[in-house]
> 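Sharing a structure here in structure tokens format.
If you're wondering where the values come from, they're calculated on a predicted model, not measured in any experiment. Just so it is clear: chains get the letters A, B, ... in the order the sequence lines come, proteins before strands, and each one is counted from 1.
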2 protein chains.
Amino acid sequence: MEHRIDRIKKQLHAQSYKLTPQREATVRVLLEREEDHLSAEDVYLLVKEKSPEIGLATVYRTLELLSELKIVDKINFGDGVSRYDLRKEGAEHFHHHLVCIECGSVEEIIDDLLEDVERIVEKDWGFRVKDHRLTFHGVCKQCQDVAVKTK
Amino acid sequence: MEHRIDRIKKQLHAQSYKLTPQREATVRVLLEREEDHLSAEDVYLLVKEKSPEIGLATVYRTLELLSELKIVDKINFGDGVSRYDLRKEGAEHFHHHLVCIECGSVEEIIDDLLEDVERIVEKDWGFRVKDHRLTFHGVCKQCQDVAVKTK
DNA sequence: TGTTTTATTGATAAGAATTATTATATTATA
DNA sequence: TATAATATAATAATTCTTATCAATAAAACA
Ligand SMILES: [Zn+2]
Ligand SMILES: [Zn+2]
Ligand SMILES: [Zn+2]
Ligand SMILES: [Zn+2]
């Protein structure tokens, strides 16, 4: 945890930004809830628990800043709110998501899986790939099991 | 064009919806601008040119309906607005997009490309894939060429 | 055909998410 | 320490989307 905070602090300093207490509180929430996919509002409420004086706009600004620095990725699962997802340590690319259309759960896939596809895109479309967003919509394991049982 | 309107009409009828003049006008705009990725507002303004009496809410309602029937797919490129994209005729899955971070252009990839990846996801994660969203962010051919020339 | 339902629409109000503004506070610099 | 540059909290404003509702049009019925 502290190690990752330090790294992020350095990334900010490298662009001459400071890790203010508000920014640190925000980053800590993101680290503590790394598996989740929190909206700005979610982050705000969680930060508020420990730093009640923080303002919503500061959270938005911080998330925006972290996005620009590629410390977090902003995603949208189609429900009208942006969600913020920490990059995995040392990850070159953004990870993938499995969104269940039954229960709404979101699983993560860290494996790249797209090397071949990106090679094709670069070769056949002449497009230089810098990043990607891949989300599968379908039915998760648990919901499939429930469906079998209740048949 | 008329052929595709007919097909869509049948798809609506199959769910006991009617192809009202307003809905038809909306669908025509989507067909005419199939290469583009229009927001609800964009569609509204284009429909208004030919059917000035249409209301914005009707356009939203129509796009929502077409989404439910999988006639259009709703996508979000991270700029805060939803965009609506007609499914290609007979396409099983949604197509992919190449978004240029330099000029903002959006190219489409109709080829599936994800068969292998989906097989892995189904096998290793036990997730039954129903649909996907895949967007690559990077530099398009034109912008690469410009970069070379201006060097 | 005339009457009753039902579905759809347009106008607009309401809601939710995000961004802009501004006065204040904090930090860095000379 | 005085001065300038950054960052913040509170909140107003904006943007996008959805909900409401009366009016209209279409369909079902008698
Ligand atoms: Zn599920
Ligand atoms: Zn994630
Ligand atoms: Zn480009
Ligand atoms: Zn498209």
> What's the closest nucleotide to the side chain of B/Leu56 if the choices are C/dT9, D/dT17, C/dA17?
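Comparing C/dT9, D/dT17, C/dA17 against the side chain of B/Leu56, the answer is D/dT17.
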
> Using only modelled atom types and a 3.5 angstrom limit, is any donor from either the side chain of A/Arg61 or the base of D/dA9 paired with an acceptor on the other?
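Present.
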
> Would you mind telling me which of C/dT12, D/dT8, C/dA7 lies closest to the side-chain atoms of B/Ala57?
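In terms of side-chain proximity for B/Ala57, the closest of C/dT12, D/dT8, C/dA7 is C/dT12.
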
> Does A/Ser82 place a side-chain N or O at less than 4.0 Å from the phosphate oxygens OP1/OP2 of C/dA17?
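Negative; the distance criterion is not met.
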
> What nucleic acid atoms does B/Ser39 come within less than 4.0 Å of, heavy atoms only: base, sugar-phosphate, or nothing?
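No contact.
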
> Regarding A/Arg23 and A/Thr26, do their side chains bring together a donor and an acceptor under 3.5 Å, going by distance alone?
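Distance-only check fails for A/Arg23 and A/Thr26.
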
> Would you kindly give the CD-to-C1' distance between A/Gln15 and D/dA7, to the nearest whole Å?
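To the nearest whole Å, that distance equals 17 Å.
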
> Looking only at side-chain N and O atoms, does A/His95 offer a donor or acceptor that is under 3.5 Å from a partner on A/Asp85?
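Yes, A/His95 and A/Asp85 have a side-chain donor paired with an acceptor closer than 3.5 Å.
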
> Return no unless some side-chain N or O of A/Tyr60 is found under 4.0 Å from OP1 or OP2 of C/dT19.
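No, because none of the side-chain N or O atoms of A/Tyr60 sits under 4.0 Å from OP1 or OP2 of C/dT19.
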
> Of B/Thr62, B/Val47, B/Val43, which is the lone residue that meets side-chain contact (heavy atoms from CB on, under 4.5 Å) with B/Ile54?
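It is B/Val47, the one option of B/Thr62, B/Val47, B/Val43 that forms the side-chain contact (heavy atoms from CB on, under 4.5 Å) with B/Ile54.
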
> Rounded off to whole Å, could you give me the CG-to-P distance for the A/Leu65 and C/dT19 pair?
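These atoms are roughly 14 Å apart.
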
> Separation of B/Leu63 atom CG from D/dC16 atom C1', in whole Å?
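So the two atoms are 13 Å apart, to the nearest Å.
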
> For A/Leu12 and C/dA28, give me the distance from atom CG to atom C1', rounded to whole Å.
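Rounded to whole Å, this separation is 17 Å.
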
> Go through the steps for A/Asp6 and A/Lys9 under the test salt bridge (charged side-chain N to carboxylate O under 4.0 Å, His left out), then give the verdict.
CA-CA 5 Å; A/Asp6 263 6; A/Lys9 190 172 186 172; 5.3 Å; no

> Checking all strands, does B/Glu41 fall into the base, sugar-phosphate, or nothing category for heavy-atom contacts under 4.0 angstrom?
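Here B/Glu41 touches no strand at all.
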
> Going through the checks in order, is the salt bridge (charged side-chain N to carboxylate O under 4.0 Å, His left out) test met by A/Glu24 and A/Lys18?
CA-CA 10 Å; A/Glu24 180 169 339; A/Lys18 288 167 278 192; over 6 Å; no

> Whole angstrom is fine here: how far is it from CD in B/Gln22 over to P in D/dA25?
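Taking atom P of D/dA25 as the reference, CD of B/Gln22 is at 10 Å.
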
> Starting at atom OH of A/Tyr44, determine the distance to atom P of C/dA16, rounded to an integer number of angstrom.
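Going from A/Tyr44 (OH) to C/dA16 (P), I get 16 Å.
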
> Please report, rounded to the nearest Å, how far the C1' atom of C/dT8 is from the NZ atom of B/Lys18.
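Taking NZ of B/Lys18 and C1' of C/dT8, I get 7 Å after rounding.
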
> Would you indicate which nucleotide in D/dT8, C/dT18, D/dA9 comes nearest to any side-chain atom of A/Glu53?
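My answer, after comparing the listed nucleotides, is D/dA9.
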
> Taking a pair as Watson-Crick or G-U wobble with both distances under 3.5 Å, which nucleotide is matched to C/dA30?
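Base partner found: D/dT1.
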
> Quick one: label A/Glu64 by what it contacts on the DNA or RNA (base, sugar-phosphate, nothing), any heavy atom closer than 4.0 Å.
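Nothing: the residue A/Glu64, judged by heavy atoms under 4.0 Å, touches no strand.
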
> Among C/dT8, D/dT17, C/dT18, which nucleotide has an atom closest to any side-chain atom of B/Thr20?
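Given the options C/dT8, D/dT17, C/dT18, the side chain of B/Thr20 is closest to C/dT8.
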
> To the nearest Å, how far apart are B/Leu19 CG and D/dA25 P?
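It works out to 18 Å between those atoms.
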
